[in-house]
Amino acid sequence: MNNSPQKSAINSQINDLISLKYLGLNKGLQRGAAFNELSASIICESDIQSEDIVDGDDDNGLDVVFINSNDQGIFINILNCKSSETEKFSEVELGKIKNGLFYTFEADKKKYKKLENQNLLAKIEEIREDKENIVEVNCFYCAFSGDNNKDKKIKREVEEIQNYFSEYFKTVYPNAKFNLSLINAEDLFYIDAQRKQSLRNEKISIPYYGDKVISNEVETEKIDGRLATVRGEEIAKLVEKYGESLFEKNVRGWMSFRKYNKDILYSCSSDNESELFWFLNNGLTIVCDKCVPEPDKKILKLTAPQIINGQQTARVLEKAYKDGILKENVKVLLKIYVTTAPDIIIKVAKATNSQLVVKSRDLVSNNTEQLAIQNEFIRNKYGYERQRGEKKSKTADIKENFNNFFVAQSVLSTLFGQPSFAKKKQEDKIFGEPNYSKIFRNNSVDEILTVTLLCNFCLGEGLKLERKNISDQIKYFAFFHIARIIWFNLKNKEKMKNDEIISIIQNHKNKKKLNNIYTKASNILLGVYKKYNKKEKIISIGHLFSRLEVDKDINKLLFK
């Protein structure tokens, strides 16, 4: 079973809810109740009350019905939630959802009144009383391990339900739009992460220069592009007001003010070059949820803007503005991409940051699995650096900080038996495919954290030594290999669980056992060294244990 970091993060939230609210329930009901509430609270962006939960006898495939009203009208979210870690999307469940929607919106009073589920009955009555004011009905089928690459039967059933109720609403609920969505644990994590972004609902106005905004210059189903020119001062004010919030999706957020930025600073503050700034600078790339030009006011209204390229330009303009040297005639080109599609945003961020200074590690830093791993590391009191130069967690309860490169090396060394490859520090290969997916997308955070702590323990043991003899040099230079052997023994011979391994590393319980296994592992490597040294004179221990054939020889010894 693929237990991705996103699933790990959602599982942690489920377990937190169980501990907080549902321990009194029958154990078989705890996970389902917690998943219902978690899914609904993330999707509905609201605390879910007991009357919103319709799960139970005679629920007709519906678990949550959430009704929200505002000035625009009534919005209804309906959820069917399947919490099992093996639960996928099914035709049977879609059939139940269709039946539940029938009772809620279509069945006559005589029929729906027979329902014994009082919470569902109350919701149906509330919906029927004010149906002219309903503007949106969103139905979500949440299956924890549902496959987004749904099969043809599932896709056909979804389309049939979507088309049927869309047509039905045109006549009976004339002001309402209907939509059916399939949601899995990864989707839930992404929705939650997006809604926690600082500027998510922020509407920002930027005066533009000239007579027009080039609108819909390029347009597709998922994204459209616009071009505009703004004064440098407006960008400076924007950065001054919103700061880091503007760069949350920027893969170069780690970068500080550098020497080559002096060229930008000179260009925007010089009498000779300031009027040429538009021509000398690539400008800014912004992604946003919406972009509405108001030609009469010469204003761009952007919803949830993020500067994904041109961060250095924006920050230099702010510095010049604060220092009082920014020239009034500085103008900046804006490329504005309007989209809410996460895959498109990530692709655009990567493509527009293809400079040599940006490493492959930085280009994946905003991927949802990276956010999920960071969240779970912090939950377990460890810092996790997604980008080079990211501020380390320094709160009192953070035990230690790890960067995602060391984490990747740890996973490669232990879970995949490739410590020599990990030692080579080939960042582009490690953070490129197929290695990136096998390291970060297909392992639980629990497993990732455990092997990281194990490798860090072995590193620490090696650093204590003076390295005056071969044995000590092996412990220092081949700590990833030692961790690989220890992991194999603890998991395959000792049959230890991850929390048990973490316990002996953190609390030194059974320290004698860990030290014994550590010594045995280093002795195995000493034997490997002697074997190679007979064939050829080994000059460098570090070089020996970066040779890929060494991994194969060690694996043969372990799997004897």
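The analysis underlying the following values was restricted to heavy atoms, covering all of them including side chains, and did not include hydrogens, waters or symmetry mates.
Here Arg441 pairs with Glu433 in a salt bridge; the nearest charged N to carboxylate O distance falls below 4.0 Å.
Side-chain contact annotation: Glu85 with Ser145, donor-acceptor N/O pair under 3.5 Å absent. Judged by distance alone, the side chains of Glu87 and Ser83 never bring a donor and an acceptor atom under 3.5 Å apart. In this structure, a donor-acceptor pair under 3.5 Å is present between the side chains of Asn179 and Ser181. A donor-acceptor contact closer than 3.5 angstrom links the side chains of Asn555 and Arg484. A donor-acceptor pair shorter than 3.5 Å cannot be found between the side chains of Gln370 and Arg386. Side chain to side chain, Asn80 and Glu93 meet the donor-acceptor criterion of an N or O pair below 3.5 Å.
The cationic group of Lys82 does not satisfy the cation-pi geometry with Phe35, failing either the under 6.0 Å distance to the six-membered ring centre or the 45° limit from the ring axis. For the pair Lys493 and Phe488, the cation-pi criterion (under 6.0 Å, within 45° of the ring axis) is not fulfilled.
Other residues, nucleotides and ligands place no more than 12 heavy atoms under 6.0 Å from the NZ atom of Lys241. Annotation: Asn26, atom CG; neighbour count of heavy atoms from other residues, nucleotides and ligands within 6.0 Å is above 12. A 6.0 Å sphere centred on CG of Asn68 holds more than 12 heavy atoms belonging to other residues, nucleotides or ligands. Counting non-hydrogen atoms of other residues, nucleotides and ligands closer than 6.0 Å to NZ of Lys301 gives a total of 12 or fewer. A 6.0 Å sphere centred on CG of Asp397 holds more than 12 heavy atoms belonging to other residues, nucleotides or ligands. Counted within 6.0 Å of NZ on Lys153, heavy atoms from surrounding residues, nucleotides or ligands total 12 or fewer; the atom is thus considered open.
The main-chain N or O of Val287 is never found under 3.5 Å from a side-chain atom of Gln306 such that the two would form a donor-acceptor pair.
Contact check for Lys491 versus Ile501: side-chain heavy atoms found under the 4.5 Å cut-off. Proximity of Thr104 to Ile127: side-chain heavy atoms (C-beta onward) are separated by under 4.5 Å at one or more points. Between Tyr22 and Glu37, some side-chain heavy-atom pair lies under the 4.5 Å cut-off. Side-chain contact between Asn404 and Phe431: present, with at least one pair of heavy atoms (C-beta onward) separated by less than 4.5 Å. Between Asp55 and Leu62 there is no side-chain heavy-atom pair separated by less than 4.5 Å.
Remark: Ile42 CD1 to Leu38 CG distance equals 4.0 Å, nearest 0.5 Å. With values rounded to the nearest 0.5 angstrom, Thr339 atom OG1 is found 8.5 Å from Asp224 atom CG.
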How far apart are the C-alpha atoms of Leu548 and Lys424, what are their side-chain angles, what is the distance that settles it, and do they pass the side chain to side chain contact (heavy atoms under 4.5 Å, CB included) test? CA-CA 10 Å; Leu548 300 183; Lys424 287 181 178 294; 3.9 Å; yes

Verify side-chain hydrogen bond (donor to acceptor under 3.5 Å, both in side chains) between Ser166 and Gln162, making sure each step is shown before the conclusion. CA-CA 6 Å; Ser166 294; Gln162 175 74 53; 3.1 Å; yes

Asn309/Lys335 under side-chain hydrogen bond (donor to acceptor under 3.5 Å, both in side chains): CA gap, chis, key distance, verdict: CA-CA 10 Å; Asn309 185 254; Lys335 287 176 273 187; 5.8 Å; no

When you look at Tyr436 and Glu369, which way does the side chain to side chain contact (heavy atoms under 4.5 Å, CB included) test go after all the steps? CA-CA 11 Å; Tyr436 179 82; Glu369 59 274 0; 2.6 Å; yes

Starting from the C-alpha separation in whole Å, work towards a yes-or-no answer on salt bridge (charged side-chain N to carboxylate O under 4.0 Å, His left out) for Glu45 and Arg195. CA-CA 8 Å; Glu45 294 186 81; Arg195 288 176 176 170; 3.5 Å; yes

Please step through side chain to side chain contact (heavy atoms under 4.5 Å, CB included) for the pair Leu449 and Tyr382, ending with a clear verdict. CA-CA 9 Å; Leu449 175 60; Tyr382 290 97; 3.9 Å; yes

Does Arg31 form a side-chain hydrogen bond (donor to acceptor under 3.5 Å, both in side chains) with Asn36? I'd like the steps, not just the answer. CA-CA 9 Å; Arg31 183 177 172 86; Asn36 285 350; over 6 Å; no

Working for side chain to side chain contact (heavy atoms under 4.5 Å, CB included), residues Cys458 and Phe480: CA-CA 7 Å; Cys458 294; Phe480 278 130; over 6 Å; no

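Taking the six-membered ring for Trp and the full ring otherwise, Phe169 and Phe105 have centroids separated by under 6.0 Å. Here Phe479 and Phe457 keep their ring centres 6.0 angstrom or further from each other.
Residue Phe89 forms a ring pair (Phe, Tyr, Trp, His ring centres under 6.0 Å) with just one option from Phe144, Tyr141, Phe140, and that option is Tyr141.
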